[in-house]
Amino acid sequence: MSTRLEILVQQRLEKLEKIRASGIDPYPHLYQRTHTAQQVVALLKQDGPPREVKVSGRITASRPMGKAAFMNLSDGSGKIQVYVRRDHLGEQGYDLFKLLDLGDFIGLTGRPFYTHTGEPTIEAASLTVLSKALLPLPEKWHGLTDVEKRYRQRYLDLVSSDEVKGIFHTRSRIIASMRRFLDDLGFMEVETPILQSHAGGAMAKPFTTHHNVLDRDLYLRIATELHLKRLLVGGFEKVYEIGRIFRNEGISTKHNPEFTSMESYEAYADYTAVMSRVEEMVAHIARSVLGTTTVEYDGRQIDFTPPWRRITLRDAIKEQCDIDFAEFPDAPSLAAKMKESGMAVEPGLGRGKLIDELLSTAVEHTLTQPTFLLDYPVELSPLAKRKPGEPDLVERFEAFAGGMEIANAFTELNDPLEQRERFKEQAKAREAGDEEAEMPDEDFLVAMEHGMPPAGGLGVGIDRLAMLLTNQQSIREVILFPQLKTRE
RNA sequence: GGGCGGUUAGCUCAGUUGGUUAGAGCACCUGCCUUUUAAGCAGGGAGUCCGGAGUUCGAAUCUCCGACCGCUCACCA
């Protein structure tokens with residue numbers, strides 16, 4: 001800590017002591033306001049004689065003028081100007097005012113009025129210190145622009161930027177709107193374990209942790225899928241879970257090691273039913289949160305109005321790079337074709353991974369408008385049901401918008417014998433070095449052997465949906481406390 | 001993990017070819033000011049120039065090593 005900051009803190013500590021010395025508790029327990037800042041502004045617009053109000057908030061600006069001063073007081077609703085006058089407040093009250101700093105929380109009583117310039121203002125009759133701040137806040141005009149500091153000390157970012165506050169408010173409303181949409185359709189929200197002995201339900205590397213008393217390694221979940229399906233076995237026909245998922249993979253503008261997903265499962269539905277559900281849900285959320293289904297993202301308009309474009313993965317790849325993967329029944333021939341088209345192909349990849357490669361390198365970034373890609377290779381989807389008549393494919397779709405995947409869904413595999421076979425294939429891939437291959441989960445298989453109804457399942461990336469609906473190009477702008485390296 | 005860029009006062013930023021004591025605005029302190037609003041006027045204090053090593057008579061500036069951040073590529077949702 002530099003000398004200069006120490007001086008600023010020392011000055012505030014001295015003021016704190018002076019407040020204490022005058023018999024005032026600078027950190028009192030309770031202050032019951034009668035109005036928020038916004039309510040005071042509304043009150044002033046009404047007719048009738050102004051009545052006294054009691055408000056509280058943080059001092060965010062101060063303009064002293066000798067024996068009077070104006071302050072800006074910010075609370076959760078907005079800000080209101082405060083006028084303090086020695087004549088009105090009295091000697092003692094004005095002395096207390098002089099011991100206040102930017103950043104302090106105060107309460108005050110007074111009558112609202114309009115100044116000559118028309119600013120809604122409260123003339124303070126009494127001041128109460130609610131919390132003395134010891135450290136200075138970021139500069140009032142530019143706020144906090146140091147990106148690292150914004151993430152590490154998000155509270156300062158929030159204090160100094162209404163825009164940032166707005167993004168997280170919107171995120172909260174997106175999730176609330178999603179809950180309401182699902183609840184209204186009769187879905188039941190549930191909670192399943194984050195600590196798991198098998199990290200299944202997705203192709204991803206898990207975080208490992210350890211339970212001391214049981215002396216067992218556990219994984220942080222990489223998906224909620226396998227537990228939600230157990231609930232289908234148990235007889236809950238429409239369930240969903242909104243929760244944190246952990247994946248031990250790279251960090252980027254589109255990836256955080258922990259992120260929020262919504263997974264839902266509906267008995268007696270298939271992926272076509274889920275598809276309409278997704279487009280309706282996203283349109284509903286956009287409408288209820290933003291008032292429109294057309295949003296601007298990264299300089300382009302995205303229209304979420306249903307129906308969204310539907311195209312098979314095969315056709316989408318054909319469209320972008322003129323490769324029809326159906327014509328290449330095995331990995332070597334597909335890899336050869338990809339190399340022929342000038343693509344760098346990692347050796348040893350299976351056919352499914354090659355197709356995934358085509359999707360992510362050639363197709364994904366082109367999908368600005370909401371698009372469903374349908375029918376994925378079975379190797380990539382060990383938990384999805386095969387497409388009738390096309391044994392290499394499963395009934396699966398992914399939804400894209402703004403060049404990002406935002407949802408993944410399939411008709412759920414409910415044949416326990418086939419599921420067991422699929423797990424075996426995944427185990428082989430894992431032995432061959434594929435760390436992302438599905439871990440066989442015997443307990444889940446036993447559940448399925450007791451009978452799982454046909455069902456449609458869905459996973460939505462909530463952070464990415466929030467990015468799209470708030471026009472943010474980095475996932476860190478929609479996660480309050482994104483993962484950063486700790487300084488050594 | 002690779003490439004490129006960045007890190008200077010509490011905050012936002014300048015800093016010339018390597019050259020005197022590293023500057024400005026906000027914030028802070030003192031004085032004046034009872035309708036201001038990025039209040040104003042006058043004065044003042046405040047720095048581990050990200051860390052370390054090196055080159056040099058002399059380094060915020062050049063070189064090397066390291067830390068962290070951003071963008072981007074690869075992996076992933």
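What you see is a predicted model; the values in this text were computed from it and never measured. Values below: every heavy atom of this structure, side chains too, minus hydrogens, waters and symmetry copies. Protein chains get the first letters and strands the later ones, always in sequence-line order, with residue 1 at the start of each.
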Could you check whether any side-chain N or O of A/Arg300 sits under 3.5 Å from a backbone N or O of A/Thr368, counting only pairs where one atom can act as donor and the other as acceptor?
no
Using modelled atom types and a 3.5 Å cut-off, is there a donor and acceptor pairing between side-chain atoms of A/Gln39 and backbone atoms of A/Thr36?
yes
Expected list for residues 279-286 of chain A: side-chain donor-acceptor pairs under 3.5 angstrom, two or more places apart:
unit_1: A/Glu279; atom_1: OE1; unit_2: A/Trp308; atom_2: N; d: 2.8
unit_1: A/Glu279; atom_1: OE1; unit_2: A/Arg310; atom_2: NH1; d: 3.1
unit_1: A/Glu279; atom_1: OE2; unit_2: A/Arg310; atom_2: NH2; d: 2.9

Give me, pair by pair, the N or O atoms of the protein and of nucleotides 1-7 of chain B that are less than 3.5 Å apart, along with how far apart they are.
none

From the set [options], return the single nucleotide nearest to any side-chain atom of [X].
{"X": "A/Val147", "options": "B/U35, B/C29, B/C69", "result": "B/C69"}
{"X": "A/Arg63", "options": "B/C69, B/C33, B/A39", "result": "B/A39"}
{"X": "A/Leu144", "options": "B/U12, B/U72, B/C69", "result": "B/U12"}
{"X": "A/His116", "options": "B/U35, B/U34, B/U12", "result": "B/U35"}
{"X": "A/Lys140", "options": "B/C11, B/U36, B/A38", "result": "B/A38"}

Whole angstrom value for the distance that separates [atom2] of [N] from [atom1] of [X]:
{"X": "A/Asp356", "N": "B/C75", "atom1": "CG", "atom2": "C1'", "result": "11 Å"}
{"X": "A/Phe113", "N": "B/U36", "atom1": "CZ", "atom2": "C1'", "result": "10 Å"}
{"X": "A/Lys67", "N": "B/U35", "atom1": "NZ", "atom2": "P", "result": "12 Å"}
{"X": "A/Asn72", "N": "B/A39", "atom1": "CG", "atom2": "C1'", "result": "11 Å"}
{"X": "A/Gln153", "N": "B/C68", "atom1": "CD", "atom2": "P", "result": "17 Å"}
{"X": "A/Lys353", "N": "B/C75", "atom1": "NZ", "atom2": "C1'", "result": "10 Å"}

Using side-chain contact (heavy atoms from CB on, under 4.5 Å) as the criterion, list what pairs up with A/Glu431, not counting sequence neighbours.
none
[M] and [N], which share atom name [atom1], separated by this distance in whole Å:
{"N": "B/C50", "M": "B/U7", "atom1": "C1'", "answer": "6 Å"}
{"N": "B/A74", "M": "B/C13", "atom1": "C1'", "answer": "35 Å"}
{"N": "B/U16", "M": "B/U72", "atom1": "C1'", "answer": "32 Å"}
{"N": "B/A53", "M": "B/G45", "atom1": "C1'", "answer": "35 Å"}
{"N": "B/G51", "M": "B/C11", "atom1": "P", "answer": "14 Å"}
{"N": "B/A24", "M": "B/U35", "atom1": "C1'", "answer": "31 Å"}
{"N": "B/A60", "M": "B/A22", "atom1": "C1'", "answer": "8 Å"}
{"N": "B/U8", "M": "B/G47", "atom1": "C1'", "answer": "8 Å"}

Summary of salt bridge (charged side-chain N to carboxylate O under 4.0 Å, His left out) pairs that have at least one residue in residues 61-77 of chain A, sequence neighbours excluded
A/Arg33-A/Asp75
Residue pairs passing the salt bridge (charged side-chain N to carboxylate O under 4.0 Å, His left out) test where at least one lies in residues 119-144 of chain A, sequence neighbours excluded:
A/Arg85-A/Glu123, A/Asp101-A/Lys132, A/Asp104-A/Lys132
Going by side chain to side chain donor-acceptor pair (under 3.5 Å), name the residues that satisfy it together with A/Ser22, two or more places apart in sequence or in a different chain.
none
Please enumerate all residues that pass side chain to side chain donor-acceptor pair (under 3.5 Å) together with A/Ser126, with sequence neighbours excluded.
A/Thr109
Record whether the side chain of A/Gln81 comes under 3.5 Å of the base of B/U36 through a donor-acceptor pair of N or O atoms.
yes
Which part of the nucleic acid does A/Met404 contact within heavy-atom distance under 4.0 Å: base, sugar-phosphate only, or nothing?
nothing
So what does A/Gly143 hit on the nucleic acid, given a heavy-atom distance under 4.0 Å: a base, only sugar-phosphate, or nothing?
sugar-phosphate
Is there a side-chain contact between A/Glu14 and A/Gln10, using heavy atoms and a 4.5 Å cut-off?
yes
Under 3.5 Å, which N/O atoms of the protein pair with N/O atoms of nucleotides 22-25 of chain B?
unit_1: B/G25; atom_1: N2; unit_2: A/Glu139; atom_2: OE2; d: 3.4

Side chains of A/Arg464 and A/Thr260: any donor to acceptor distance under 3.5 Å?
no
Inter- and intrachain pairs under ring pair (Phe, Tyr, Trp, His ring centres under 6.0 Å), touching residues 101-141 of chain A, at least two apart:
none
Give every donor-acceptor pair under 3.5 Å between a side-chain atom in residues 371-384 of chain A and any protein atom, sequence neighbours left out.
unit_1: A/Thr371; atom_1: OG1; unit_2: A/Gln369; atom_2: O; d: 2.8
unit_1: A/Asp375; atom_1: OD1; unit_2: A/Tyr271; atom_2: OH; d: 2.6
unit_1: A/Asp375; atom_1: OD2; unit_2: A/Lys387; atom_2: NZ; d: 3.3
unit_1: A/Tyr376; atom_1: OH; unit_2: A/Glu398; atom_2: OE1; d: 2.7
unit_1: A/Glu379; atom_1: OE2; unit_2: A/Gly352; atom_2: N; d: 3.3
unit_1: A/Ser381; atom_1: OG; unit_2: A/Pro377; atom_2: O; d: 3.4
unit_1: A/Ser381; atom_1: OG; unit_2: A/Arg396; atom_2: NH1; d: 2.8

Pairs under 3.5 angstrom only: tabulate donor-acceptor contacts from the side chains of residues 87-99 of chain A to other protein residues two or more places apart or in another chain.
unit_1: A/Tyr94; atom_1: OH; unit_2: A/Gly66; atom_2: O; d: 2.9
unit_1: A/Tyr94; atom_1: OH; unit_2: A/Ala68; atom_2: N; d: 3.0
unit_1: A/Tyr94; atom_1: OH; unit_2: A/Ala68; atom_2: O; d: 3.3

Note every stem involving RNA chain B: at least three consecutive Watson-Crick or G-U wobble pairs, i with j then i+1 with j-1, with both distances under 3.5 Å.
B:1-7 with B:67-73, B:10-13 with B:23-26, B:28-32 with B:40-44, B:50-54 with B:62-66
Stacked pair A/Phe259-B/A77, distance under 5.5 Å, angle under 30°
yes
